[in-house]
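To find a chain, count down the sequence lines: A is the first, B the second, and so on, and within it residues start at 1.
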2 protein chains.
Amino acid sequence: MAVSEAEAVVMEVLWRAAPRSAEEILAEVGPAQGWQEGTVKSLLNRLLKKKAVKAEKDGRRYLYTPLLSRGKYVSQESKGLLDRLFDGRVAPLVAHFSEQRKLTKKDIAELRKLLKELDDEQA
Amino acid sequence: MAVSEAEAVVMEVLWRAAPRSAEEILAEVGPAQGWQEGTVKSLLNRLLKKKAVKAEKDGRRYLYTPLLSRGKYVSQESKGLLDRLFDGRVAPLVAHFSEQRKLTKKDIAELRKLLKELDDEQA
DNA sequence: GGTTTGAGTTTACGCATGTAAACATGAATT
DNA sequence: AATTCATGTTTACATGCGTAAACTCAAACC
């Protein structure tokens, strides 16, 4: 089963720093998302059920740690999108953004650098 | 409301050629997806409700035409992913794929070409 | 020791989705 | 005219998601 969008918000907190208690997670994410305590608790339980995080006892409470890495999650999500919309490849996506004039100068510079690096390690 | 994944499968058919009848859509998509007639009908109705397609009478039946363009849909979906995972920019996504060794030679060649084109039109 | 409190666990509830059957209605056929 | 057929419309139903309240239970306090 896939990590949902709301669940991913909790994961992001844990990816930034772990292990964390439910309380800490709520403190970091509650205000911005407008979430109550119960919401975070539910999300954590679903993440446990999905094996995306683990919990270890720390006195009366639990500390949560990601089992799913951010890299893996990002790859899954990205691959899903590319497969559905761009025949599974990256270049068509970039082309789409280029056509829409959605590439920033920074993007372009970074892409150039990236390609050069690929060149270098190739050589 | 957003076009869901199953709905997008129907949209893809209409993006390839429109207008089309429900029957034609079923013929094209049913076998591959393992969908019954009722499924396609439901999806078409939801797409109508979402204003993603329109229907015009053609004798006893309707012919469906996209109102949402593929480009717009692709942009929405892509932007969603980039915003959630890559700070809204394209380059980090490409970098991610590069790190994962998921860039094909074809990708790299196309990206090079793309950048060169941007260069040229710039000049 | 009884009570409050903090934390996790269970249950809830409305909405979207995937999937489709049931129903309605007008056209075609006998 | 009655029946069948094609097509669209309505209803259904399980599952997941977003959101959270209710419940439990052990630890802390009075």
Side-chain angles (χ1 to χ4, degrees), chain A residues 1-14 18-65 67-68 73 76-77 80-81 83-84, chain B residues 1-14 18-65 68 73 76-77 80-81 84:
Chain A
M1 222 169 321
V3 168
S4 80
E5 213 168 308
E7 287 157 7
V9 171
V10 170
M11 292 303 290
E12 291 285 357
V13 174
L14 291 176
R20 305 268 211 131
S21 67
E23 195 189 2
E24 290 172 301
I25 295 170
L26 173 62
E28 183 154 334
V29 94
Q33 304 286 328
W35 284 347
Q36 303 302 116
E37 196 190 344
T39 303
V40 171
K41 288 177 178 180
S42 285
L43 293 174
L44 280 170
N45 269 305
R46 289 180 184 168
L47 287 168
L48 279 172
K49 208 164 288 172
K50 294 178 182 182
K51 310 275 189 195
V53 306
K54 71 174 178 187
E56 36 182 357
K57 220 168 210 120
D58 171 58
R60 65 172 70 272
R61 64 193 184 167
Y62 282 98
L63 295 181
Y64 299 88
T65 308
L67 287 181
L68 173 67
Y73 173 73
Q76 282 167 9
E77 294 290 304
L81 185 89
D83 285 351
R84 284 192 299 117
Chain B
M1 226 170 315
V3 168
S4 80
E5 212 167 311
E7 288 158 7
V9 171
V10 170
M11 292 303 291
E12 291 285 356
V13 175
L14 291 176
R20 305 267 210 131
S21 66
E23 197 189 3
E24 292 171 301
I25 296 170
L26 173 62
E28 183 155 333
V29 94
Q33 306 286 135
W35 283 347
Q36 303 302 115
E37 196 190 344
T39 303
V40 171
K41 289 176 176 179
S42 285
L43 293 174
L44 280 171
N45 270 306
R46 287 180 185 169
L47 288 169
L48 280 172
K49 207 164 288 170
K50 292 178 181 182
K51 309 274 190 199
V53 306
K54 72 174 178 191
E56 36 181 0
K57 221 172 211 114
D58 171 58
R60 67 172 68 270
R61 63 193 186 165
Y62 282 98
L63 296 181
Y64 300 87
T65 307
L68 174 65
Y73 173 72
Q76 282 167 10
E77 295 290 305
L81 185 90
R84 282 194 300 115

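- In this structure, B:E28 contributes its side chain and B:I25 its backbone to no donor-acceptor pair below 3.5 Å.
- When the side-chain nitrogen and oxygen atoms of A:S21 are compared with OP1 and OP2 of C:dA7, none of them lie within a distance under 4.0 Å.
- For B:E24 and D:dT7, the CD to P distance is 10 Å, given to the nearest whole Å.
- When the P atom of C:dA27 is taken as reference, atom CG of B:D58 falls 14 Å away, rounded to whole Å.
- Atom CD of B:E23 has 12 or fewer heavy atoms from other residues, nucleotides or ligands within 6.0 Å.
- One can place CZ of B:R61 at 7 Å from P of D:dT7, the figure rounded to the nearest angstrom.
- B:A55 comes within 4.0 angstrom of nothing in the nucleic acid, heavy atoms only.
- Note that OG of A:S42 and CG of A:L47 are 10.5 Å apart. Values are rounded to the nearest 0.5 Å.
- Sparse packing is recorded around CD of B:E5, with 12 or fewer heavy atoms of other residues, nucleotides or ligands lying under 6.0 Å away.
- Rounded to the nearest 0.5 Å, atoms CD (B:E7) and CD (B:E12) are 13.0 Å apart.
- Checked by atom type, the side-chain pair B:Q36/B:T39 shows no donor-acceptor distance below 3.5 Å.
- Residues B:V9 and B:W35 are in side-chain contact: their nearest non-hydrogen atoms beyond the backbone lie under 4.5 Å apart.
- Summarising the geometry, the separation between CE on B:M1 and P on C:dA16 is reported as 5 Å, rounded to the nearest angstrom.
- The CG atom of B:L43 sits 9.5 Å away from atom CD of B:Q33, with the distance rounded to the nearest 0.5 Å.
- Within 4.0 Å of A:A2, counting heavy atoms only, lie sugar-phosphate atoms of the nucleic acid but no base atom.
- Rounded to whole Å, atom C1' of D:dC17 lies 8 Å from atom CD of A:E7.
- One atom, OH of A:Y62, and another, P of D:dA26, lie 12 Å apart when rounded to the nearest Å.
- Within residues 30-53 of chain A, the residues that place at least one heavy atom under 4.0 Å from DNA chain C are, in residue-number order, A:K41, A:N45, A:R46.
- Per the geometry, NZ belonging to A:K57 stands 14 Å off C1' belonging to C:dG6, to the nearest Å.
- A:V53 pairs with exactly one of A:L14, A:T65, A:V3, A:L68 by the side chain to side chain contact (heavy atoms under 4.5 Å, CB included) rule, that one being A:L14.
- At its two ends the helix from C:dG1-D:dC30 to C:dT30-D:dA1 runs along axes set 30° apart, each axis drawn from five pairs and the angle rounded to 10°.
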Polar atom pairs between nucleotides 28-30 of chain C and protein, under 3.5 Å, N or O only, would you list them?
from   : atom 1 : to    : atom 2 : distance (Å)
C:dA28 : OP1    : B:R60 : NH2    : 3.4

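- Judged purely by atom type and a 3.5 angstrom limit, B:K54 has no side-chain atom pairing as donor or acceptor with the backbone of B:Y64.
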Exercise. Do B:R46 and B:M1 pass the side chain to side chain contact (heavy atoms under 4.5 Å, CB included) test, and can you show the C-alpha distance, the side-chain angles, and the key distance before you say yes or no?
Worked result: CA-CA 10 Å; B:R46 287 180 185 169; B:M1 226 170 315; over 6 Å; no

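- Per the geometry, CG belonging to B:L26 stands 14 Å off C1' belonging to D:dG8, to the nearest Å.
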